[in-house]
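Following: one structure in structure tokens, then a few remarks.
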Number of protein chains: 2
Amino acid sequence: MAQTLAPGLDRDRLVAAAFAQLEEDGLDRLSMRRLASRLGVQAPALYWHIGDKAELLGLMAREIYAAAYADAPIAGHWQDWLRRFGRALRSSFAARRDGARLCAVARPPTPTDPAAHADRIAAPLTALGLDESRALLCQAAVISFALGWESFEANGPMRDFLREIMDFDASFEKGLDALVRGLATAREET
Amino acid sequence: MAQTLAPGLDRDRLVAAAFAQLEEDGLDRLSMRRLASRLGVQAPALYWHIGDKAELLGLMAREIYAAAYADAPIAGHWQDWLRRFGRALRSSFAARRDGARLCAVARPPTPTDPAAHADRIAAPLTALGLDESRALLCQAAVISFALGWESFEANGPMRDFLREIMDFDASFEKGLDALVRGLATAREET
DNA sequence: ACCTGAACACCGTTCAAGT
DNA sequence: ACCTGAACACCGTTCAAGT
């Protein structure tokens, strides 16, 4: 389990090991001590490379979001992109155990200029013709929907219950579709 | 802080004290030990009244959902009810510190007959004319949207960031409106 | 029936000290 | 520069024992 090899410990190796640990044990059992022992090191050693556990979770969340953006190339009508991004985001949450819960808890890792970050979030939709405030609304809505949906999916007993009473996958698709269509027909305001 | 008075310790008093503790210290610091000391008792005493911490969180989550349903009387067009319920649910999440995170983690507290529980969830919308599967889709979509939205809101640094780049309250309203309108115009399928 | 005391197996984080 | 050892102040939960 613990490979003492390759002592070169850095942030990337740390994040990778954290994902492996997450897959094996889940978010509740992802501890600095267990992570350290997987890396063949004592827990305090991690704090040389990272400020605290919250920073580690933030880096992990960023990777989950990045994977979703990578899966949704910017092309076509903005509605198509938004639907595609919604699907990709849910897949990305689901690809990692407790992915949605992790992203709900994680703090945004870049405390840099908020306006610049907002531009980056809005970028795919502004590139397809939306103005920035509308782009941010669409992103916030789709991201919230996907995060909420996968939060239930990631909750074991809740998922079991939901899977018994409805087709959870098909329903996500329908809900996402409804949301995007609604956003497209919203009354234009200030 | 610790009131040793009134030794009658039961589930209701326990849940009430847990909410008070949540308000003061947040979900991360809501521990069985702190809760016990607030009740003037040792931690193991709690386990006489409750199976484990997860059950306690489940009871708390149920109360949060119940408050939302209580705030949305069943009347008018189903779309109006759904919008109203969405708003009420977000308010209910926001009314308790870390309310959304709590509900994301909590397990459904009633391991009773799933079909009967589904009927109860769908009830407000079936009463207003929707068939059950459509009602469940609408509920799942709106609940997911509200939960996701408030998860970000409940995340301190994330909220600060979002509040700087958009009008988070007005955007919720617009997003919810879009979702409900989209659900109303969905193509009818099996 | 309801609660305590003591214990088990853990946490995140700090910090002097080692190399 | 990078890591260890020891410690601090915690966790959830179990269980014999008290009343």
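So you know, we letter chains A, B, ... as the sequences are listed, proteins then strands, and number each from 1.
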Using atom [atom1] of [X] as one end and atom [atom2] of [N] as the other, report the distance to the nearest whole Å.
{"X": "B/Leu46", "N": "C/dT4", "atom1": "CG", "atom2": "C1'", "result": "12 Å"}
{"X": "A/Trp48", "N": "C/dG12", "atom1": "CH2", "atom2": "C1'", "result": "19 Å"}
{"X": "B/Ile50", "N": "C/dC3", "atom1": "CD1", "atom2": "C1'", "result": "16 Å"}
{"X": "B/Arg13", "N": "C/dC2", "atom1": "CZ", "atom2": "P", "result": "14 Å"}
{"X": "A/Arg29", "N": "C/dA9", "atom1": "CZ", "atom2": "C1'", "result": "10 Å"}
{"X": "A/Gln42", "N": "D/dA7", "atom1": "CD", "atom2": "C1'", "result": "14 Å"}
{"X": "B/Leu30", "N": "D/dG12", "atom1": "CG", "atom2": "C1'", "result": "12 Å"}
{"X": "A/Asp10", "N": "D/dA1", "atom1": "CG", "atom2": "P", "result": "16 Å"}

Self-check item: Pairwise side-chain contact, A/Ile74 with A/Leu128, heavy-atom cut-off 4.5 Å (strictly under)
Solution: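 Yes. Closest side-chain heavy atoms under 4.5 Å.
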
Quiz item: Which of these nucleotides, D/dC11, C/dG5, D/dC3, is closest to any side-chain atom of A/Val41?
Solution: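 Of the options given, the side chain of A/Val41 lies nearest D/dC3.
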
Practice problem: For the side chain of B/Ser31, starting at C-beta, report the closest nucleotide among C/dT4, D/dG12, C/dC11. | Solution: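 Closest of the options to the side chain of B/Ser31: D/dG12.
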
Verify, without hydrogens or angle tests, whether [X] (side chain) and [Y] (backbone) share a donor-acceptor contact under 3.5 angstrom.
{"X": "A/Ser91", "Y": "A/Arg87", "value": "yes"}
{"X": "A/Asp25", "Y": "A/Leu30", "value": "no"}
{"X": "B/Gln139", "Y": "B/Ile121", "value": "yes"}

Quiz item: Cation over ring, A/Arg159 on A/Phe168, under 6.0 Å and within 45°?
Solution: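 Ring-cation test returns no.
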
Quiz item: In terms of the angle between their ring planes, are A/Trp149 and A/Phe145 parallel, tilted or perpendicular, with boundaries placed at 30° and 60°?
Solution: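 Tilted: the ring planes of A/Trp149 and A/Phe145 meet at 30° to 60°.
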
At a cut-off of 3.5 Å, list every protein nitrogen or oxygen paired with a nitrogen or oxygen from nucleotides 13-19 of chain C, distance to 0.1 Å.
from   : atom 1 : to      : atom 2 : distance (Å)
C/dT13 : OP2    : A/Tyr47 : OH     : 2.6
C/dT13 : OP2    : A/Lys53 : N      : 3.0
C/dT13 : O5'    : A/Tyr47 : OH     : 3.3

Practice problem: Scan every strand shown for a Watson-Crick or G-U wobble partner of D/dT19, both distances under 3.5 Å, and answer none if you come up empty. | Solution: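 Paired with C/dA1.
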
Self-check item: G-U wobble or Watson-Crick pairing nucleotide for C/dT13 (cut-off 3.5 Å, both distances)
Solution: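 Pair assignment: C/dT13 / D/dA7.
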
Quiz item: So which of B/Arg97, B/Arg38, B/Arg34 actually passes salt bridge (Lys or Arg N to Asp or Glu O under 4.0 Å) with B/Glu24?
Solution: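 The single option meeting the salt bridge (Lys or Arg N to Asp or Glu O under 4.0 Å) with B/Glu24 is B/Arg38.
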
Quiz prompt | C/dA9 versus D/dC10 - spacing of their P atoms, nearest Å | solution =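 Result for the P pair: 22 Å, nearest Å.
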
Quiz prompt | Whole-Å C1' distance, D/dC8 and C/dC11 | solution =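 Straight-line distance between the two C1' atoms is 12 Å.
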
Quiz prompt | Contact under 4.0 Å: A/His49 side-chain N or O vs D/dC3 OP1/OP2 | solution =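 Yes, because at least one side-chain N or O of A/His49 sits under 4.0 Å from OP1 or OP2 of D/dC3.
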
Exercise. Answer yes or no: does a side-chain N or O of B/Arg34 lie under 4.0 Å from OP1 or OP2 of D/dC11?
Key: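 Yes, such a contact exists.
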
